[in-house]
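Take a look at the structure set out below.
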Number of protein chains: 2
Amino acid sequence: MSLPPARVAARGRRAARPSGDDRELAILATAERLLAEKPLSALSVDDLARGAGISRPTFYFYFASKDAVLLTLLDRVVAEADAAFTGGVFDGLQGGTRENWRAALTAYVDTFRAHRSVALAAASARPDNREVRELWARVCEGWVLRATEVIEAARAQGTAPDGLPARQLAIVLNSMNERVVYGTFSGDGPAIPEDQLVDVLLDVWLTTIYRTPHPA
Amino acid sequence: MSLPPARVAARGRRAARPSGDDRELAILATAERLLAEKPLSALSVDDLARGAGISRPTFYFYFASKDAVLLTLLDRVVAEADAAFTGGVFDGLQGGTRENWRAALTAYVDTFRAHRSVALAAASARPDNREVRELWARVCEGWVLRATEVIEAARAQGTAPDGLPARQLAIVLNSMNERVVYGTFSGDGPAIPEDQLVDVLLDVWLTTIYRTPHPA
DNA sequence: CGATTCGGTCAACAGTGTGTCGAGAGCGGG
DNA sequence: CCCGCTCTCGACACACTGTTGACCGAATCG
């Protein structure tokens, strides 16, 4: 799943000239850097512009708003996460062993870890930003679809017992991942220690799908 | 658990005079009403003030900011949720039957349903608002503690098998609840139909705790 | 019963941020 | 050489926030 329709639409009025491409990259880099220090809401367009060595109006030549920058950043991260997933581990009906699930969860957690500032910012922005919400929803839908397939395949084979409709189980497990990982990396509320994250999640996935933490 | 320390501190400089109490209530009511239409970020202090029939500066006599209003609203909802929980169902080591768990989950979902606008607004505000974050973290910690106790009791009795540390299991299940319920009520992304919410969550709780969806 | 105090109210101000407009600078190509 | 293009920014209009200071009316007290 490569998510071609996700390509950011509100990027800017740029056409094809080379020189100013650097500026665009500079803005993105500045945003990712500053996001590691403060939340997006505490960043002004001016901070982003100055950080990239341009004036505020020039910023608007490249991006329609702060949020558009975040969307572009998120788009990259999502593409990377998707590649990590698709790149081997977990395609189609292949998969379903403990190690397949572990690899998928590890890919998820690692991508989050590698880009926590972007991921955390995206999570904060999502409620107020339709585009971020839709992009994320699309990504989740992809993951849910894939998990649903594997669960159904395991049931057809008799490896997993019947239970909740596969899609519903996939949805709750995915939601759990999202919230638990967010909680661990944002550090508020009761959280799972970062180094045990994958194991804990894996245990719950396996138990609910196969009714035992150590499936065939 | 009654959370006495949660009492909102940033409420206003009011002392004890009667007449102006109505204004405070009017602001809160206006906020809850408007929140059903737009997110908090789209509401100005002026909207709140006009809605309550006062001027903007007067608003500041009662609340330090928009966010303080939300915090007060959330504080009420949380107190209610806590009462629903504590009010019978699920005290101390009592509990652990299917119906106990179901009642607890129903209380959770129903409180959310009854105040969705406040709950959704609080969820959006949490990343940027320390006080909301802390209040919510405190509440979650309470739920996690209680669930942990019940799980440990069941294990001690031999009703539930060993597995993940009880606290970690309680954390992930709680996180799952939060995210799934939020997803269902906010309507973005893949979601569980509202009328099946409790059943689906219950199934996962029981399966992970007792390793079967139909415990003793 | 005038003076004082205090809860409550708001017009006006200062500050910070956003997004836009219009006037250009620099450069390639006809 | 000038046209048109990308790219740049000073200056503006606007929205919203939070504060100040003057003011009103009603209790309270000497």
Side-chain angles (χ1 to χ4, degrees), chain A residues 8-31 34-35 37-72 121 124-125 128-132, chain B residues 8-31 34-35 37-72 121 124-125 128-132:
Chain A
V8 176
R11 225 236 247 67
R13 321 89 155 189
R14 305 214 48 265
R17 251 30 318 227
S19 103
D21 240 22
D22 306 339
R23 259 71 201 277
E24 191 167 330
L25 271 316
I27 293 172
L28 290 169
T30 304
L34 296 184
L35 241 22
E37 295 160 25
K38 328 178 187 184
L40 185 65
S41 57
L43 251 58
S44 68
V45 170
D46 209 56
D47 293 332
L48 262 25
R50 293 188 116 66
I54 56 179
S55 72
R56 210 164 52 78
T58 300
F59 167 94
Y60 285 102
F61 181 81
Y62 294 99
F63 292 95
S65 66
K66 262 196 311 194
D67 281 18
V69 176
L70 175 63
L71 190 63
T72 303
S124 313
D128 291 327
N129 183 321
R130 217 199 66 238
E131 286 168 298
V132 168
Chain B
V8 176
R11 225 241 244 66
R13 320 90 155 189
R14 304 219 45 269
R17 280 306 39 150
S19 102
D21 239 22
D22 306 340
R23 260 73 201 275
E24 191 166 331
L25 271 317
I27 293 172
L28 291 169
T30 303
L34 295 184
L35 241 23
E37 295 160 23
K38 326 177 187 186
L40 184 65
S41 57
L43 252 61
S44 69
V45 170
D46 208 57
D47 294 332
L48 263 25
R50 294 189 116 67
I54 57 180
S55 73
R56 211 164 50 77
T58 300
F59 167 94
Y60 285 102
F61 181 82
Y62 294 98
F63 292 94
S65 67
K66 258 195 317 191
D67 282 18
V69 176
L70 175 63
L71 191 63
T72 303
S124 312
D128 292 327
N129 184 321
R130 218 199 65 238
E131 286 168 298
V132 168

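In what follows, every chain begins at residue 1, and chains take the letters A, B, ... in the order their sequences are listed. Note that these values count all heavy atoms, side chains included, but never hydrogens, waters or copies made by symmetry.
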Rounded to whole Å, how long is the line connecting atom [atom1] of [X] with atom [atom2] of [N]?
X: A:Asp67; N: C:dT18; atom1: CG; atom2: C1'; result: 12 Å
X: B:Phe61; N: D:dC24; atom1: CZ; atom2: P; result: 18 Å
X: B:Ile54; N: C:dA11; atom1: CD1; atom2: P; result: 12 Å
X: A:Arg50; N: C:dT16; atom1: CZ; atom2: C1'; result: 14 Å
X: A:Tyr62; N: D:dT6; atom1: OH; atom2: P; result: 11 Å
X: B:Glu24; N: C:dG8; atom1: CD; atom2: C1'; result: 13 Å
X: A:Asp22; N: D:dT6; atom1: CG; atom2: P; result: 17 Å

Which listed nucleotide (D:dT19, D:dC7, D:dG10) is nearest to the side chain of A:Pro57?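 Among the listed nucleotides, the one closest to the side chain of A:Pro57 is D:dG10.
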
Short N/O separations, protein against nucleotides 13-18 of chain D, under 3.5 angstrom:
{"residue": "D:dT17", "atom": "OP1", "partner": "B:Val45", "partner atom": "N", "Å": "3.1"}
{"residue": "D:dT17", "atom": "OP2", "partner": "B:Val45", "partner atom": "N", "Å": "3.3"}
{"residue": "D:dT17", "atom": "O4", "partner": "B:Arg56", "partner atom": "NH2", "Å": "3.4"}
{"residue": "D:dG18", "atom": "OP2", "partner": "B:Tyr60", "partner atom": "OH", "Å": "2.9"}
{"residue": "D:dG18", "atom": "N7", "partner": "B:Arg56", "partner atom": "NH1", "Å": "2.6"}
{"residue": "D:dG18", "atom": "O6", "partner": "B:Arg56", "partner atom": "NH2", "Å": "2.3"}

Taking all atoms of both residues into account, what is the closest heavy-atom pair of A:Asp128 and B:Ser41, and its distance?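 In this case the closest contact between A:Asp128 and B:Ser41 is OD1-OG, 3.0 Å.
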
Identify the heavy atoms of A:Leu71 and A:Glu131 that sit nearest to each other, and give their distance.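 Residues A:Leu71 and A:Glu131, closest heavy atoms: CD2-CB, 3.7 Å.
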
Do A:Thr72 and A:Phe63 touch side chain to side chain, with heavy atoms closer than 4.5 Å?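 They are in side-chain contact.
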
B:Ile27 versus B:Val69: any side-chain heavy-atom pair under 4.5 Å?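 The answer is yes; the side chains approach within 4.5 Å.
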
Would you tell me if any nitrogen or oxygen in the side chain of B:Thr58 comes within less than 4.0 Å of OP1 or OP2 on C:dC10?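 Yes.
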
Drop me the distance from A:Ile54's CD1 to A:Tyr62's OH, to the nearest 0.5 angstrom.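 Spacing of CD1 (A:Ile54) from OH (A:Tyr62) equals 6.5 Å.
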
Out of curiosity, A:Asp47 CG to A:Lys38 NZ, how far, rounded to the nearest 0.5 Å?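 If we round to the nearest 0.5 Å, A:Asp47:CG and A:Lys38:NZ are 5.0 Å apart.
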
